[in-house]
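Report on the following structure.
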Amino acid sequence: MVGAAGRMGQAILRALDAAPGVAAVAALEREGHPDLDGDAAEAAGATARGVILSADIGAALQPGRVVIDFTAPGSTAALVSRAAAAGCKAVIGTTGLDTEHLAAIAAAAEQTAVLHAPNMSVGVNVLFGLLERAAKALGAGWDMEIVELHHRRKKDAPSGTAERMATVLAGARGLPDGAIVRERSGQVGERRDDELGVVAVRGGDVAGEHTAFFFGDGERLEITHRATHRGIFAAGAVRAARWISQRDAGLYSMADVLAL
Ligand code: NAD
């Protein structure tokens with residue numbers, strides 16, 4: 001588990017503790033993290049297992065292991081390349097990745113099995129399919145917008161899930177490149193027909209809430225997913241790790257794990 005002292009890292013250590021047939025064999029953090037050298041599971045509120053929080057990623061990358069990464073974009077790209085070279089498989093939950101980071105993930109997936117998902121909840125992955133159906137069924141003339149809410153400590157915006165929702169909607173409707181609008185301020189003029197707005201709201205302890213709006217003439221459809229605790233993402237990450245341990249090289253998504 002990389003990012004083991006983070007919010008998701010701790011939730012995943014607890015989920016691993018509770019799941020039969022899987023176990024955390026290494027818990028990794030950045031150099032200088034104040035919790036290094038302590039029992040990682042115990043710090044997460046799980047049963048102590050003698051897995052010590054360490055910054056020695058090299059020692060942890062052993063062939064056949066599955067690396068779960070919930071850290072930050074800069075660290076993810078380097079990690080996935082090292083994991084592939086070491087013969088490890090990888091489950092990546094980190095969001096806010098740019099095209100360079102995504103290219104590093106795609107290159108690693110030529111060597112090993114890599115699963116990358118901005119949201120590991122079952123509900124959100126079903127939501128992606130519903131959005132595609134709705135966008136196609138409603139068709140042009142229905143304006144589409146996305147609003148997402150997250151806790152005050154989230155570092156990237158819009159969320160990776162909102163970005164994926166926007167990509168799904170734009171693809172289903174055949175919107176041109178540049179249709180997704182992440183900021184509106186000042187004299188922006190009237191909304192274009194091919195525009196797709198994405199708005200991020202931050203505050204409190206919101207685990208994650210995403211709504212797609214479809215605005216018709218005289219009616220409006222809203223499809224919302226609400227996460228009420230991080231355990232759903234952690235359970236998804238553990239399920240993904242178990243699934244990918246049996247897969248050959250390739251780039252996979254949660255839709256593959258959930259057979260959607
Ligand atoms: P967090 O800040 O609580 O935790 C991140 C942890 O990673 C920190 O403890 C940090 O010290 C550690 N870290 C940073 N760089 C590192 C490095 N080079 N090596 C080792 N550890 C390093 O954040 P969080 O809320 O746990 O979220 C982490 C990421 O997961 C974010 O990108 C977030 O958006 C994403 N996320 C994804 C899902 C999903 O389902 N895919 C769900 C929730 C959050």
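Indexing begins at 1, ligand by ligand and atom by atom, following the structure's order. Hydrogens, waters and symmetry mates are skipped; everything else that's a heavy atom, side chains included, is used. Predicted model, so just to flag it, every value in this text is computed and none were measured.
When the options Gly93, Pro73, Ala72, Ser54 are ranked by their closest heavy atom to atom 37 (C) of ligand 1, first place goes to Gly93.
A cation-pi contact, defined as under 6.0 Å to the ring centre and within 45° of the axis, links Arg247 to Trp243.
Near Lys155, meaning under 4.0 Å from any of its heavy atoms, are these atoms of ligand 1: 2 (O). In the vicinity of Asp156, heavy-atom distances shorter than 4.0 Å reach the ligand 1 atoms 34 (O). Under a 4.0 Å criterion applied to the non-hydrogen atoms of Lys154, ligand 1 contributes the atoms 34 (O). When each atom of ligand 1 is checked for a heavy atom of Thr95 under 4.0 Å away, the hits are 32 (O), 33 (C), 34 (O). Against a heavy-atom cut-off of under 4.0 Å, Ala5 is close to the following atoms of ligand 1: 9 (O). Annotation for ligand 1: atoms under 4.0 Å from non-hydrogen atoms of His33 are 11 (O).
Under 4.0 Å is where a charged nitrogen must lie from a carboxylate oxygen, and between Lys154 and Glu148 no such pair does. Classification of Glu163 and Arg182 as a salt-bridged pair holds, one side-chain N sitting under 4.0 Å from a carboxylate O. Contact check on Glu222 versus Arg220 returns a salt bridge, with a Lys/Arg side-chain nitrogen under 4.0 Å from an Asp/Glu carboxylate oxygen.
With a 4.0 Å heavy-atom cut-off, ligand 1 is reached by no atom of Leu79. Counting heavy atoms under 4.0 Å from ligand 1, residue Ser121 does not touch it at all.
Side chain of Arg230 to main chain of Arg7: no donor-acceptor pair is present (N/O by atom type, distance under 3.5 Å, no hydrogens or angles). Put simply, the side chain of Asn125 gets close to the backbone of Asn119: a donor and an acceptor are under 3.5 Å apart. The main-chain N or O of Thr71 is found under 3.5 Å from a side-chain atom of Thr94 such that the two form a donor-acceptor pair.
For atom 9 (O) of ligand 1, the closest non-hydrogen atom on the protein side is Glu29 OE2, 2.5 Å. When hydrogens are left out, the protein atom nearest atom 18 (N) of ligand 1 is Ser75 CB, 3.0 Å; that is the closest non-hydrogen contact. Atom 4 (O) of ligand 1 has its closest protein heavy atom at Gly6 CA, 3.2 Å. If you check which protein heavy atom lies closest to atom 5 (C) of ligand 1, you get Phe70 O, 3.7 Å. In terms of protein heavy-atom proximity, atom 40 (O) of ligand 1 is closest to Met120 N, 2.8 Å. Remark: minimum distance from atom 3 (O) of ligand 1 to any protein heavy atom is reached at Arg7 N, 2.9 Å. Residue, atom and distance of the protein heavy atom nearest to atom 14 (C) of ligand 1 are Thr71 CB, 4.1 Å.
Within 6.0 Å of the CZ atom in Arg184, the count of heavy atoms belonging to other residues, nucleotides or ligands exceeds 12. Taking a 6.0 Å sphere around CG of Asp98, one finds it holds more than 12 heavy atoms contributed by other residues, nucleotides or ligands.
In terms of polar-atom proximity, defined here as any N/O pair under 3.5 Å, Ile57 makes no such contact with ligand 1. Where the criterion is an N or O separation shorter than 3.5 Å, residue side chain and backbone included, Thr94 fails it with respect to ligand 1. For a threshold of 3.5 Å applied to N or O pairs, the pair formed by Val2 and ligand 1 contains no separation below that value. Residue Ala117 places at least one N or O, backbone or side chain, under 3.5 Å from an N or O of ligand 1. Checking only distances, Met8 does come within under 3.5 Å of ligand 1, N or O to N or O. Any N or O atom pair closer than 3.5 Å counts here, and Arg30 shares at least one such pair with ligand 1.
Residue Gln10 places no heavy atom under 4.0 Å from ligand 1.
A donor and an acceptor atom, one from each side chain of His116 and Ser253, are nowhere located under 3.5 Å apart.
Scanning both residues, Thr211 and Met165, for their nearest heavy atoms gives C-CE, 4.1 Å.
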